[in-house]
Number of protein chains: 2
Amino acid sequence: MFTMAELTSRQREVLELIQAHQQSEGASPTIRELGAGLKIGINGVVGHLRALERKGFLEYRPNRARSLRLISPLHSLRKHVVDVPLFGSIPAGVPDNRDQEAEGCVSVDIETLGIPKPSARVFALRVNGDSMIGKHILSGDIVVLEHGREPRHGDVVAALIDGESTLKTYVVKSGKSYLKAENPRYPDLIPSDELVIQGVVCALVRKAKDSKSGERRS
Amino acid sequence: MFTMAELTSRQREVLELIQAHQQSEGASPTIRELGAGLKIGINGVVGHLRALERKGFLEYRPNRARSLRLISPLHSLRKHVVDVPLFGSIPAGVPDNRDQEAEGCVSVDIETLGIPKPSARVFALRVNGDSMIGKHILSGDIVVLEHGREPRHGDVVAALIDGESTLKTYVVKSGKSYLKAENPRYPDLIPSDELVIQGVVCALVRKAKDSKSGERRS
DNA sequence: GGCCATAGTGAACATTTGTTCACCTCAGCG
DNA sequence: CGCTGAGGTGAACAAATGTTCACTATGGCC
C-alpha cells in the first residue's frame, strides 16, 4: 500500500503513460514521446523520470534509446510469457508449425504453465464435452499440451480418434499402455499403440462462465 | 508449416535473436546490437531485416529506435497480457494495492481470463484443500478473482473466514444470499452479509502435477 | 553468361533520442 | 524570509541509432 502512496499524481500519470505505451506499441516511449503525451517539454519529463528512478519505480540504461523499464513488486516476480496457439482440434499429426491455423492465442507465463522452457511444441485445445469430468476437466476449459513428451501413467493426453482430438487418461496396466476416458459413460480402454498421441496435458485454464449466458447441465 | 519454410536458416537466426532480445531486455534490439549478436556488420543485418520485412515477418517504423516488431500468425491473435499478483491468502479486506506482498505473479492474457479490462482489482489465490471439489476446483489450483464485482448466484467467491481466505459458492435462496462450501463434508450455509467477500472467481489455472516429483514407478 | 536473392564489408550521413545547463513558478515549511 | 522539492520552459549538445551508397562474393536458375 506504500507503493502508490509515495507518488504524486503527476508521477503516477507518467508511470501509467509509460505502461500504456509499452502495451500498445511494444516498446517504451522516448522522453519526447512522453512529453507529447503529457503536453510538457522534455525537461519536465526528465524531472519526473529522475524522481521515479530515485523512488525505485523505474530503471533505465544511460544513453540507450527506449530503455525505460518499470519496476514494481510484480515485475520482479514476472516470468517469461509464452504465446500458445489455440486450436479447435488438430486434424493430423501436428507438423512442426501450424500457428497460422490457430483460432486463438493463449498467453501465459511458463511458471504458471509448469513447463521449464518455451519449447515450441506447446499448443492448446478447447475441451469439448465432459469426457474428462473424472479428472475435473470441464467442457469449455482450455487445456495446454506439450507435444512430443512421453506420457506417464495418469497423465491426460490428447489422441487422434476418428479424425478428432480427444482427451484421454494414459494408463499403464501390466506392462501395456492404454487410453481411458474419464467418464463412466465411455468406459473404453484403448491400447495406446493403436493411436497417435498428440500431446500431454501440462496445464488447464478455465474461464468462469459469464453468468449471463446459460448453463450447460440441467 | 509454411511459416518457417520460407526463411533461410540465417534469417531464422535473426528472428530468434530479436525475439530473445525482446524477452530478456524488454525492448527490441538495435541494428548494431543485432550485428554484434550475429557477428556481422550493420549492413548484413539491414539486408536480413529487409528480407524479413518483405516476407512479412517483421514490421518497423522508419527512423524509430528499436521499433522492430515481430509479426506472426500468433502475434496478430495476441491479446493484452495482465500481471496478476498471487497471494497465499489475504489477511484483511484487500486495500487498493498490496502487490508488494504477492508471493508470485501470474501473467495471462485478458481474453483467456475473461475480464474485459485490466482493472487493477484482480488477484489470484492458490487453492488449499478440496472444499470446492464440487465445482471441480482442486487443491493446488490457482484461482483468479476480481475484487469489487457483485457476485451472482452460482459464482464462486473468496470470503474472509477466521482470518483466512476461503472459497465458497455464492447462492441466493428466497431473496437472501448465502455462502456454501462445495463439499459434502462441510455443508455450511453462511449468510453472506456476515462475511467480507474479497473477490469473485473469474478464471482458474491448473498445472498438471510434475510427474517427476512424486510418483515414479519402476 | 546474365540475372537475381542471399549474405556480407566499410564508410558516410541524417535523424532520433538522451543529457545537460540555465532559469522560472509555486506551495509548503521553519 | 530563504530554503526545498515538484513541475516546468528553452536551447544546445552528444551519443545512439536508422539509412543509404558503393562494392564483393556465392549459388541457383533460365
Side-chain angles (χ1 to χ4, degrees), chain A residues 2-71, chain B residues 2-71:
Chain A
F2 293 83
T3 317
M4 287 311 208
E6 294 172 1
L7 293 177
T8 68
S9 65
R10 197 65 169 140
Q11 287 169 353
R12 187 153 44 245
E13 263 184 78
V14 178
L15 221 45
E16 281 163 10
L17 189 56
I18 294 174
Q19 194 157 28
H21 194 284
Q22 285 182 344
Q23 290 282 358
S24 68
E25 303 292 321
S28 286
T30 66
I31 294 183
R32 284 168 183 82
E33 283 168 348
L34 283 175
L38 297 163
K39 301 214 175 70
I40 59 176
I42 50 180
N43 287 291
V45 179
V46 170
H48 285 129
L49 294 184
R50 275 208 248 273
L52 287 167
E53 192 198 18
R54 176 165 40 82
K55 294 183 180 176
F57 290 83
L58 269 189
E59 179 183 67
Y60 68 96
R61 324 267 271 280
N63 290 322
R64 304 198 115 209
R66 301 175 186 276
S67 63
L68 290 174
R69 291 216 292 196
L70 299 181
I71 301 183
Chain B
F2 292 83
T3 318
M4 286 312 206
E6 295 171 1
L7 292 176
T8 67
S9 65
R10 198 64 170 142
Q11 287 170 351
R12 187 152 45 245
E13 263 184 79
V14 178
L15 221 45
E16 282 162 9
L17 188 56
I18 295 174
Q19 195 157 27
H21 195 284
Q22 285 182 343
Q23 290 283 357
S24 68
E25 304 292 321
S28 286
T30 66
I31 293 182
R32 284 167 184 83
E33 283 168 348
L34 282 174
L38 298 163
K39 301 212 176 68
I40 60 177
I42 50 178
N43 286 291
V45 178
V46 170
H48 284 129
L49 294 184
R50 276 209 246 274
L52 287 168
E53 191 198 18
R54 177 166 38 82
K55 293 183 180 178
F57 289 83
L58 270 188
E59 180 183 66
Y60 69 96
R61 324 266 273 279
N63 288 323
R64 305 202 115 206
R66 300 175 186 276
S67 63
L68 289 174
R69 291 218 290 197
L70 300 180
I71 301 183

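Per chain, numbering begins at 1; letters A, B, ... match sequence-line order.
B:L58 and B:I71 get closest at one heavy-atom pair: O-CD1, 3.8 Å. In terms of heavy atoms, B:I18 sits closest to B:L34 at CG1-CD2, 3.8 Å. What you find for B:A51 and B:Q11 is that their closest heavy atoms are CB-NE2, 3.3 Å.
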Kindly give the atom pairs (protein nitrogen or oxygen, nucleotide nitrogen or oxygen) under 3.5 Å for nucleotides 19-22 of chain D.
{"residue": "D:dT19", "atom": "OP1", "partner": "B:N63", "partner atom": "N", "Å": "3.1"}
{"residue": "D:dT20", "atom": "O4", "partner": "B:N43", "partner atom": "OD1", "Å": "2.7"}
{"residue": "D:dC21", "atom": "N4", "partner": "B:N43", "partner atom": "OD1", "Å": "3.2"}

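Rounded to whole Å, atom P of C:dG18 lies 11 Å from atom CD1 of A:I18. In this entry the distance linking CG of B:L34 with P of D:dA16 reads 17 Å, nearest Å. Rounding to whole angstrom units, CG of residue B:L49 and P of C:dA7 are separated by 12 Å. As rounded to whole Å, 15 Å separates atom P of C:dA5 from atom CG of B:L52. The CZ-C1' distance, from A:F57 to D:dA6, rounds to 16 Å in whole Å. Between A:E33 atom CD and C:dT16 atom P there is a gap of 11 Å when expressed in whole angstrom units. In this structure, A:L68 places its CG atom 7 Å from P of C:dG18, rounding to the nearest Å.
Position along DNA chain D of the nearest nucleotide to A:R54 versus A:G44 favours A:R54 as the more 5'-ward residue. Judged by closest nucleotide on DNA chain C, B:K55 is the one of B:K55 and B:A65 placed further toward the 5' end.
Neither OP1 nor OP2 of C:dG18 sits under 4.0 Å from any side-chain N or O of A:S67. Contact annotation: B:H48 side-chain N/O to C:dT6 OP1/OP2 distance is not under 4.0 Å. Of the side-chain N and O atoms in A:R66, one or more sit less than 4.0 angstrom from OP1 or OP2 of C:dT17. Remark: B:Q11 is in phosphate contact with C:dA7, judged by side-chain N or O atoms under 4.0 Å from OP1 or OP2. In this structure, B:T8 reaches the C:dA7 phosphate: one of its side-chain N or O atoms is under 4.0 Å from OP1 or OP2.
Contact check for A:V14 versus A:V45: no side-chain heavy atoms found under the 4.5 Å cut-off. For the pair B:L68/B:I31, no side-chain contact is recorded, criterion being any heavy-atom separation below 4.5 Å from C-beta on.
Heavy atoms of B:G41 sit under 4.0 angstrom from primed sugar atoms or phosphate atoms, though from no base atom.
Separation of atoms CG (A:L17) and NE2 (A:H48) is listed at 11.5 Å; rounding is to 0.5 Å.
For A:I40, counting side-chain heavy atoms from C-beta on, the closest listed nucleotide (D:dG8, C:dG18, D:dA6) is D:dG8.
The existence of a salt bridge linking B:E13 and B:R10 is confirmed by a sub-4.0 Å separation between a basic side-chain nitrogen and an acidic carboxylate oxygen.
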